[in-house]
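This report refers to the structure that appears directly beneath it.
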Amino acid sequence: MEERKLLHSFLAKSQKGLPPRRMKDSYIEVLLPLGSQPELREKYLTVQNTIRFGRILEDLDSLGVLICYMHTKIHSAKMSPLSIVTAQVDKIDLCKTSLGPEHDIKFSGHVSWVGKTSMEVKMKMCQLHGDEFCPVLDATFVMVARDSENKGPAFVNPLIPESPEEEELFRQGELNKGRRVAFTSTSLLKMAPSAEERTTIHEMFLNTLDPKTISFRSRVLPPKAMWMENSKLKSLEVCHPQERNIFNRIFGGFLMRKAYELGWATACNFGGSRPFVIAVDDIMFQKPVEVGSLLFLSSQVCFTQDNYMQVRVHSEVASLQNREHTTTNVFHFTFMSEKEVPLVFPRTYGESMLYLDGQRHFNSMSVPVNLRKDYLVEP
Ligand SMILES: CCCCCCCCCC(=O)SCCNC(=O)CCNC(=O)[C@H](O)C(C)(C)COP(=O)(O)OP(=O)(O)OC[C@H]1O[C@@H](n2cnc3c(N)ncnc32)[C@H](O)[C@@H]1OP(=O)(O)O
């Protein structure tokens with residue numbers, strides 16, 4: 001960090017002072033040679049001989065940061081004065097493809113939109129089948145540039161779209177920013193549910209009243225249903241220095257992997273069969289996690305439909321000395337099970353809000369649900 005302090009002089013005073021960049025300036029392709037270098041497979045392998053999605057999340061996080069460093073590269077400086085952190089995983093959509101560990105994987109991506117200090121990054125992952133790399137997933141992350149000590153915001157180079165396709169991507173990035181703001185401002189933490197949502201919750205409540213008693217208090221579960229509170233799983237991680245990133249904080253990819261694996265176990269436990277992840281969305285990195293923290297993860301199924309489960313993982317940290325807990329992330333994962341899953345019923349008002357939030361995330365998936373069938377992506 002002492003060395004990084006000296007890089008302050010390379011920081012731009014305004015965005016205008018930085019040279020504009022093209023999308024191709026940040027474009028990179030990275031090969032993960034699982035097919036040609038079998039010794040790499042161990043790290044990526046599940047017991048069902050498929051690829052661990054948690055490891056892919058880690059790779060995407062590192063790649064997103066690397067792409068932003070390409071966009072902001074100062075050719076005259078040996079080291080970048082910027083600290084680039086993951087602010088949000090906007091969306092990861094998985095395509096209808098299986099992920100075997102015997103074939104090479106190719107990641108690619110570039111910056112698709114920039115604000116003043118934030119950058120949207122689009123990434124793709126493809127896997128070799130025969131002679132061809134076939135698409136496996138699309139990801140959109142938002143990264144934020146901070147100064148060399150990660151203490152305040154730092155400007156990033158403007159982005160110039162060069163073709164109608166790039167202009168469309170840039171426009172989409174602008175819309176995504178608007179959508180994120182709208183999603184946050186209509187959050188159930190700030191606003192009451194809509195009339196339709198209120199009806200859903202009231203109907204669910206009525207469905208759980210015991211018809212034998214004339215009481216609002218005796219609740220019984222309908223058949224093939226489970227109370228939301230009984231879907232919960234929790235875990236604790238000690239954040240060792242091994243998991244730190246280049247800015248001496250805990251690596252975002254590690255946090256995502258741990259949250260994903262707990263979410264997967266929750267879906268497995270709830271659904272009673274192997275779940276497959278089909279979408280990840282709106283993971284906010286609200287606060288950095290300090291090395292040495294205790295990371296408390298709490299996961300629950302908050303919405304279900306047919307074979308689908310929407311799982312929410314909440315993470316908070318506390319230091320060993322200070323017992324106060326602070327929320328650092330909320331993760332949203334959509335899983336598909338091999339068979340129909342139980343209905344999940346909220347019992348309290350707070351759980352009803354979790355149910356509606358889960359439903360909103362489920363409905364925001366971009367690929368129609370009926371297209372999603374034979375996935376093989378596991379923890
Ligand atoms: C070389 C390659 C290998 C490297 C691998 C290492 C990878 C290391 C990457 C990581 O592991 S980072 C660790 C995980 N991430 C974190 O710990 C970040 C924790 N969160 C924070 O530190 C702050 O919440 C954050 C810096 C993201 C935002 O802080 P503020 O809320 O004070 O930000 P501010 O209000 O100043 O806004 C700054 C910009 O961020 C944008 N922003 C903030 N939160 C956002 C959000 N949630 N989503 C999208 N954009 C967001 C905001 O719109 C604005 O954009 P513009 O300047 O372009 O207008």
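Everything numeric here is computed off the predicted structure, so don't read it as measured data. All ligand and atom numbering here is 1-based and tracks the order in the structure. Heads up: numbering here begins at 1 and tracks the sequence.
- Side chain of Arg249 to main chain of Pro288: no donor-acceptor pair is present (N/O by atom type, distance under 3.5 Å, no hydrogens or angles).
- Which parts of ligand 1 touch Asn245 is read off a 4.0 Å heavy-atom cut-off, strictly below it: atoms 8 (C), 10 (C), 11 (O), 12 (S), 13 (C).
- Distances from atom 54 (C) of ligand 1 to the heavy atoms of Thr184, Leu255, Thr117 show the closest one on Thr117.
- Applying the 4.0 Å criterion to heavy atoms of Lys177 picks out, from ligand 1, the atoms 53 (O), 59 (O).
- Atoms of ligand 1 found under 4.0 Å from any heavy atom of Ile250, numbered from 1 in the order shown, are 13 (C).
- Residue contact check for ligand 1: Gln286 places a non-hydrogen atom closer than 4.0 Å to it.
- Residue pairs satisfying the salt bridge (charged side-chain N to carboxylate O under 4.0 Å, His left out) criterion with at least one member in residues 62-84, sequence neighbours excluded, are absent.
- In this structure, atom 33 (O) of ligand 1 is not in close contact with the protein, since no protein heavy atom lies within 4.0 Å of it.
- For atom 16 (C) of ligand 1, the closest non-hydrogen atom on the protein side is Thr86 O, 3.7 Å.
- There is no protein heavy atom less than 4.0 angstrom from atom 30 (P) of ligand 1.
- Exactly one residue among Phe333, Phe183, Phe303 makes a ring pair (Phe, Tyr, Trp, His ring centres under 6.0 Å) with His361. That residue is Phe183.
- Contact check on Lys24 versus Glu162 returns a salt bridge, with a Lys/Arg side-chain nitrogen under 4.0 Å from an Asp/Glu carboxylate oxygen.
- Per-residue contacts place Met284 under 4.0 angstrom from the following atoms of ligand 1 (heavy atoms of the residue considered): 47 (N).
- Near Gly115, with a cut-off below 4.0 Å to any heavy atom, the atoms of ligand 1 are 58 (O).
- Atom 56 (P) of ligand 1 is approached by the protein to below 4.0 angstrom, counting heavy atoms only.
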